Amino acid sequence: MKFIDEAFIEVSAGKGGNGVASFRREKFIPKGGPDGGDGGRGGSIFVVADRNINTLIDYRYARIHRAKNGESGRGSDCYGKSAEDIVLRMPVGTVITDEETGEILTDLTHDRQKVLLAKGGQGGLGNLHFKSSTNRAPRQFTLGEPGEHRRLKLELKVLADVGLLGMPNAGKSTLIRAVSAARPKVADYPFTTLQPNLGVVRVDHDRSFVVADIPGLIEGAAEGAGLGHQFLKHLARTRLLLHVVDVAPLDPAAHPVAEARAIVAELQKYDESLYRKPRWLVLNKTDMVPQQALTEVQEDFLRELGWSGPCFLISALTGAGCTELTYAVMEYLETHREEAMPEAAGGEQPATGEASGG
Ligand SMILES: Nc1nc2c(ncn2[C@@H]2O[C@H](COP(=O)(O)OP(=O)(O)OP(=O)(O)O)[C@@H](O)[C@H]2O)c(=O)[nH]1
Ligand SMILES: [Mg+2]
């Protein structure tokens, strides 16, 4: 099973403009010849693959795409204007199926690939075209053709860009709920999440990325403790890991630094390349720490852990710091696009039901 991002849209190409029957009327020329021009072409709808787009989220909002009609022809040999085409941008990897016939119209495999989805109608012919030696004053003209209309299903196999990593109860699922429309279960007991969840994080109208929330890890996972560590395979093809740590555990015996170390150790035991993947620290549940103590808590934590990499303070519950975090992630992904992970063995995607949202 794979995680599929999907959307349903309708595309309507424009109708061609009508041709027209008209005759030249000038002073001293009592009966001029035919001069009715053709109608313009209706706008067509194309799709272009764009490697800068990661998800189909935009198409869950904008469902109907309609191109304009061509203008009708006019007298004095005037042709009607053709309507502009509409170009829809979609991620590389999108498969587009005609919902009515089940036919796959296209499978966008490479950047800038352009495919016609709905053809605009041809413009009709003006009576100019029907002039012949036997008919010098034709009254015929043709109407513009209708544009194509299709209901389409868009599907994209989603690869997570970012993976959440952490102890049970660290707040990973709460974070994915805070930043995306995914609605995984959240509860105050460990191992709430049993299956990975993916969520689409939209930072602004055309920038988004995909996050994977996986079950919690504990010390000894490599030996099967907790849910084991096989879920880490879902992170193989992500480009960035967010290590979520509960900095204000309710249990006074808990030791967040030691737990953070344990997570990293499990990561390394699982796979060296996962261990070397870019990783940021996300200190969660800051709402449980008095505001004035926050800087000190962070500094102590980083010093004790010996961490000098990126670190974010958030509260997944209140949303504090989450926007800053998602913007930073988006920016990171945009500036490190070239380092996209090669197809790694074992890097299959999470099996999930309803995960992303719109
Ligand atoms: N006060 C506070 N509680 C939080 C915050 N984030 C999560 N929680 C709570 O912590 C508990 C665990 O949250 P989850 O999101 O289920 O944690 P998880 O990391 O997904 O846990 P597993 O799925 O078991 O690995 C829940 O009771 C949450 O409401 C936060 O920022 N502040
Ligand atoms: Mg969870």
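Quick caveat, the model's predicted, so the values are computed rather than measured. All ligand and atom numbering here is 1-based and tracks the order in the structure.
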Inset, instruction - May I ask you to list the atoms of ligand 1 that are less than 4.0 angstrom from any heavy atom of Gly216? - result: 25 (O)
Inset, instruction - Indicate yes or no: does an N/O atom of Ser315 lie under 3.5 Å from an N/O atom of ligand 1? - result: yes
Legend entry - Contacts of the Mg ion (ligand 2) with protein N/O/S atoms, counting only those under 2.8 Å: Ser173 OG, Thr193 OG1
Inset, instruction - Under 4.0 Å from a heavy atom of Met288: give me the atoms of ligand 1 that qualify, with their elements. - result: 1 (N)
Legend entry - Polar proximity ligand 1 side, Thr192 side, N/O cut 3.5 Å exclusive: yes
Legend entry - Which of the ligand 1 atoms, numbered from 1, are nearer than 4.0 Å to a heavy atom of Thr174: 6 (N), 7 (C), 13 (O), 14 (P), 15 (O), 28 (C)
Legend entry - Within reach of ligand 1, part of Thr193 (heavy-atom separation under 4.0 Å): both
Inset, instruction - Decide whether the shortest distance between a heavy atom of Ala170 and an atom of ligand 1 is less than 4.0 Å. - result: yes
Inset, instruction - Ignoring angles and geometry beyond distance, decide whether Gly171 reaches within less than 3.5 Å of ligand 1 through its nitrogen or oxygen atoms. - result: yes
Inset, instruction - Salt-bridge test for Glu223 and Lys269: reply yes if a basic N is under 4.0 Å from a carboxylate O, no otherwise. - result: yes
Legend entry - Sub-6.0 Å ring centroid separation between His65 and Tyr59: yes
Inset, instruction - Would you mind running through ligand 1 and noting each atom that sits below 4.0 Å from a heavy atom of Pro190? - result: 24 (O)
Legend entry - ligand 1 atoms in contact with Tyr189 (distance to a heavy atom under 4.0 Å): 24 (O)
